[in-house]
> 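One structure follows; several queries about it will come next.
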Amino acid sequence: MSIYDTLNEQQKRGVFTTEGPVLLLAGAGSGKTRVLTHRIAYLIEELGVSPWNIMAITFTNKAAGEMKERVENLIGMGAESIWVTTFHSSCVRILRRYADRLGYDNSFTIYDTDDQKAVMKDVCKRLQIDTKTLKERAILSAISSAKDELISPQEYELKAMGDFRKQKIVQAYKEYQLALKKNNAMDFDDLIVKTVELFKADSEVLGSYQKRFKYIMVDEYQDTNTAQFELIRLLADANRNLCVVGDDDQSIYKFRGANIRNILDFEQVYPEAEVIRLEQNYRSTQNVLDAANAVIRNNKGRKSKTLWTDKGEGNRLHFRQFDNAYEEAEFIADDVARKKREAAADYGDCAVLYRTNAQARILEERFIIEGIPYDVVGGTNFYARREIKDLLAYLKTIDNGRDDLAVKRIINIPKRGIGAATIAKVQDYADMREISFYDALRQADEIMSIGKSAAKLKPFVTMIQSFRSKLEFYGLEDLIKDVIETTGYVAELEASDEEDAENRIENIDELISKIVAFEEVHDQPTLGEFLEEVALVADIDRVEDDSNRVLLMTLHSAKGLEFPHVYLAGMEDGIFPSYMTITSDDPDEIEEERRLAYVGMTRAKEDLTLCYAKMRMVRGETQMNAVSRFVREIPEELMDNRPPAPRFRPMDVPSSQFTPAEGQVYKYKPTATLMPKRTAAENKPFIAGGIGSLNAPGINKGVGAVTGGKPDYDAGDRVRHIKYGEGTVTDLEPGPRDYKVTVDFDDAGQKIMYAAFARLNKI
DNA sequence: TAGTTGGGTTTTTTT
DNA sequence: AACCCAACTA
């Protein structure tokens, strides 16, 4: 009995076909991760390949971590030297070693979207580009697309002939790259592009990696872009042992440059490629699969395949119709609660998927009201949140003062009376001497033009220097706490009456936890390593599988995941498929949306619920939308309710026309298929344009003490938190203006928070 | 310089 | 609705 016996025939072929190029067309839920992990195990255990010679590229850090773990479970020790990473992490690893050969310093920093925008703003100012007509964002996205296609500024210039707009973009592109280089920084796209550049320019380096990576595997291959493909092609060129795994039906990242041709044309590029299809689905019931197949069948130009399962039919899909998004949210929350009550599902078995991040808010509000533990994935990346970026900017500045952007970010946070004028003068001085902004600050006395403002800069420099010297003696955890304490960052938040101050503080606590965790995992944790690790994490990487909370996320984020119970919210034409793709004259766009629908539906193992709201507030105006065409593409016999037939459809109606005074709301009473039961109080008419009862002041205030007095619990007590669930208080200490409470939560682990914000309830 | 206000814009999706 | 930015006031 070997570990390979449990694989089906196709999977076995995928595992045992180790030499030469292999295209593994793996339908949703067909066990591709199993094939990949077994393939790695087979290479190592049966063929005697050194783990060191294997590279597996995944889409997210989370997927990489899981794969590594599963390989470890299969072969025991020895898995740590396999490269299992994302494209971006691999490239950083390579560039940290060789970036100097491209004229960068090996300690380059990585710029995120915010940083890019800041640089571009500056570039536009210098080039006198009118950002009213040509937005920074548009320029950046043009540059990003160019980089995805490996188009250099020079090549772009050739294409820009006679096109004024493009010529402006070329100028900006060139200037932007110069600025990045000057700051010794790379953006996300550069990580790939520069690595390809390095490989092409330096055959010695390329040769060494080719020699090392004898077996290369790429997961989610349908979502690779041209630059990534080129990277892989170069790496695999010597041995040609390249196994790509993907599903053209799940290609959903065209907007990010994913080139679906990479998978469709694989056999042209590698004529000797073996093509293996995995069509048996081990995840979903037949009904779910039939529905998903019926939808995706409407796409043209796909590699035909039909998923099947030997699981039973299962439940029919649920279709539910609502008047508005609030009722939709209420139903979903109620339904989850019902399933939990009836022991049909636990919280962690449920996921709510939607097209746009904005849809999360209403759902979230409802989940809070009903006290259902949940987690929202995505939106703004954790590390892109203001408070986190602020603190990270401190850490970056302490680590090395070379990141001008970071220094400028925090120089006046919290307020130190240092304004734009002073900053500009310091920058001028820095430019003149060709030194960094921070070094210019250190010489503030020498800068004649700033006059008495120099006195404001000095304490800042002294503070940073003191952090630096203290770093010799204490760890990262002490450092971050010291920064928070010394700057008064949290104290300021605490005192502020900002709506989301509580949330910010929670995020900061989470950051501290992450630093602590980082220090636990690494033998010799350095600040630089922490900052690097943090630069490349996606929001999805942070979700823990065992936290037993309902997950709320976009359809995009859900790729690669599965849940027994899935709710698809906002199944409306104009929302999903999005308005943009409906009105586009490129028919490919709607096909990509359909693939997204396919991805969403195939996340469900047992139970799939499709929700439709007739009226929905989008960007401040009320829209009336028809049922999503994707719902209508599902055979009716697979659903428990028949979606209403399409009728006249005002695409969007100005909210002003929907004041209750004019009574028009009532025209759109539900045509009543199954509506969830609700109490009379809850059944009040929805007021379009208003925010409804859910948003009443105090909604987020939960229960429990809000004042700064001593809480009614103490160390040792059991308490309940609205989000983290139950836990034990391990510490309670008086702070400057509030008690600081440390709780060891059963599910969420240890958290430190301010009592006023934590709103813990003794139980 | 800091804080406020009013006007204009917007992402659909993210490593 | 939410966010960002410029312009204005204190």
Side-chain angles (χ1 to χ4, degrees), chain A residues 57-64 85-92 110-114 116-117 121 131-132 135-138 140-141 144 147-148 187-192 220 223-225 227-228 251-258 325 353-362 377-381 383-384 386 412-423 452-453 456 499-500 535-541 553-559 570 574-584 589-590 592-593 595-597 599-600 616-623 655 689-692 695:
Chain A
I57 297 193
T58 59
F59 203 63
T60 62
N61 296 298
K62 183 173 189 277
T85 50
T86 63
F87 273 103
H88 294 271
S89 311
S90 305
C91 288
V92 172
I110 300 165
Y111 276 1
D112 69 7
T113 325
D114 271 2
Q116 288 180 281
K117 219 174 146 198
K121 222 175 146 182
T131 52
K132 287 264 162 6
K135 307 238 181 323
E136 291 98 335
R137 175 166 294 197
L140 282 169
S141 101
S144 175
K147 288 181 178 175
D148 289 342
D187 64 21
F188 284 133
D189 300 314
D190 278 342
L191 298 176
I192 316 284
E220 306 284 11
D223 286 322
T224 53
N225 62 33
Q228 291 165 334
S251 169
I252 55 173
Y253 280 102
K254 187 168 168 220
F255 71 93
R256 207 170 67 185
L353 312 182
Y354 37 79
R355 181 63 238 268
T356 66
N357 282 304
Q359 289 168 256
R361 235 196 62 220
I362 293 177
V377 177
T380 27
N381 185 318
Y383 292 102
R386 189 175 43 172
N412 200 30
I413 291 180
K415 299 271 182 290
R416 300 188 176 90
I418 303 165
T422 311
I423 291 173
K452 59 183 172 71
S453 297
K456 294 176 182 162
E499 178 82 30
D500 49 354
L536 291 173
V537 303
D539 211 50
I540 190 80
D541 296 333
M553 68 186 117
T554 63
L555 290 148
H556 282 88
S557 301
K559 190 167 72 141
I575 302 291
F576 185 36
S578 85
Y579 182 78
M580 301 288 284
T581 60
I582 295 177
T583 50
S584 162
E589 294 206 12
I590 196 79
E592 173 132 327
E593 293 282 291
R595 291 193 288 271
L596 195 52
V599 168
R616 183 183 297 273
M617 180 95 80
V618 179
R619 278 212 230 114
E621 59 182 350
T622 304
Q623 288 190 359
S655 50
I691 312 188
N695 225 4

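Per chain, numbering begins at 1; letters A, B, ... match sequence-line order.
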> Check whether any side-chain nitrogen or oxygen of A:Arg619 sits under 4.0 Å from OP1 or OP2 of B:dT11, and answer yes or no.
no

> Looking at the side chain of A:Asn357, which of B:dT13, B:dA2, B:dT10 is the nearest nucleotide?
B:dT13

> Just call it for A:Thr356: base, sugar-phosphate, or nothing, with non-hydrogen atoms closer than 4.0 Å on any strand.
sugar-phosphate

> Nearest to the side chain of A:His556 - B:dT14, B:dA2, B:dT12?
B:dT14

> Measure the distance from CD1 on A:Ile423 to C1' on B:dT1 and round it to the nearest whole Å.
11 Å

> Among the candidates B:dG3, B:dT12, B:dT9, find the nucleotide nearest to the side-chain atoms of A:Lys135.
B:dT9

> Tell me: CD of A:Glu621 to P of B:dG8, nearest whole Å?
17 Å

> OP1 or OP2 of B:dT10 less than 4.0 angstrom from a side-chain nitrogen or oxygen of A:Arg137, does that happen here?
no

> Below the 4.0 Å mark, does B:dT13 have OP1 or OP2 next to a side-chain nitrogen or oxygen of A:Ser557?
no

> Taking 4.0 Å as the cut-off, does a side-chain nitrogen or oxygen of A:Asn381 come that near to OP1 or OP2 on B:dT14?
no

> Rounded to the nearest Å, what distance is computed from the CG atom of residue A:Asp189 to the P atom of nucleotide B:dT14?
16 Å

> At less than 4.0 Å, is any side-chain N or O atom of A:Thr554 found next to OP1 or OP2 of B:dT14? Yes or no.
yes

> Closest nucleotide of DNA chain B for A:Asn412 versus for A:Glu593: which of these residues is on the 5' side?
A:Asn412

> Under 5.5 Å centre to centre and under 30° between planes: does that hold for A:Phe255 and the six-membered base ring of B:dT13?
yes

> Say you pick atom C1' in C:dA6 and the same atom in B:dT11; how far apart are they, in whole Å?
23 Å

> With a 4.0 Å limit, can you tell me whether A:Thr60 has a side-chain N or O closer than that to the phosphate oxygens OP1/OP2 of B:dT15?
no

> Identify, between A:Leu536 and A:Thr380, the residue whose nearest nucleotide on DNA chain B lies closer to the 5' end.
A:Thr380

> Do A:Ile575 and A:Gln359 touch side chain to side chain, with heavy atoms closer than 4.5 Å?
yes

> Within the 4.0 Å heavy-atom criterion, would you say A:Phe576 contacts the bases, only the backbone, or no part of the nucleic acid?
nothing

> With a non-hydrogen cut-off below 4.0 angstrom, is A:Ala358 in contact with a base, only sugar-phosphate, or nothing?
nothing

> What distance separates A:Lys147 NZ from A:Phe188 CZ, expressed to the nearest 0.5 Å?
12.0 Å

> Rounded to whole Å, please give me the gap between CD1 in A:Ile418 and C1' in B:dG3.
18 Å

> Might you work through the salt bridge (Lys or Arg N to Asp or Glu O under 4.0 Å) test for A:Arg256 and A:Asp148, ending with a clear yes or no?
CA-CA 8 Å; A:Arg256 207 170 67 185; A:Asp148 289 342; over 6 Å; no

> Send over the distance from A:Lys62 NZ to B:dT14 P, rounded to a whole Å.
15 Å

> With a cut-off of less than 4.0 Å, is there a side-chain N or O of A:Lys121 near OP1 or OP2 of C:dC5?
yes

> Step by step, would you call A:Leu555 with A:Val599 a side-chain contact (heavy atoms from CB on, under 4.5 Å)?
CA-CA 7 Å; A:Leu555 290 148; A:Val599 168; 5.9 Å; no

> Round to a whole Å and report the spacing from CE of A:Met553 to P of B:dT12.
21 Å

> When you measure from the side chain of A:Glu593 to the backbone N and O of A:Ser578, does any donor-acceptor pair fall under 3.5 Å?
yes

> Any side-chain heavy-atom pair from A:Ile110 and A:Val92 closer than 4.5 angstrom?
yes

> Determine yes or no for a side-chain-to-main-chain donor-acceptor pair under 3.5 angstrom, with A:Asp187 supplying the side chain and A:Tyr111 the backbone.
no

> Could you check whether A:Lys254 gets within reach of a base, just the sugar-phosphate, or nothing at all, counting any heavy atom under 4.0 Å?
nothing

> Nearest whole angstrom, please: distance from the C1' of B:dT12 to the CD1 of A:Ile252.
12 Å

> Is A:Phe87 touching bases, backbone alone, or none of the nucleic acid, heavy atoms closer than 4.0 Å?
nothing

> In this structure, how many angstroms lie between the P atom of B:dT14 and the CD atom of A:Gln228, rounded?
16 Å

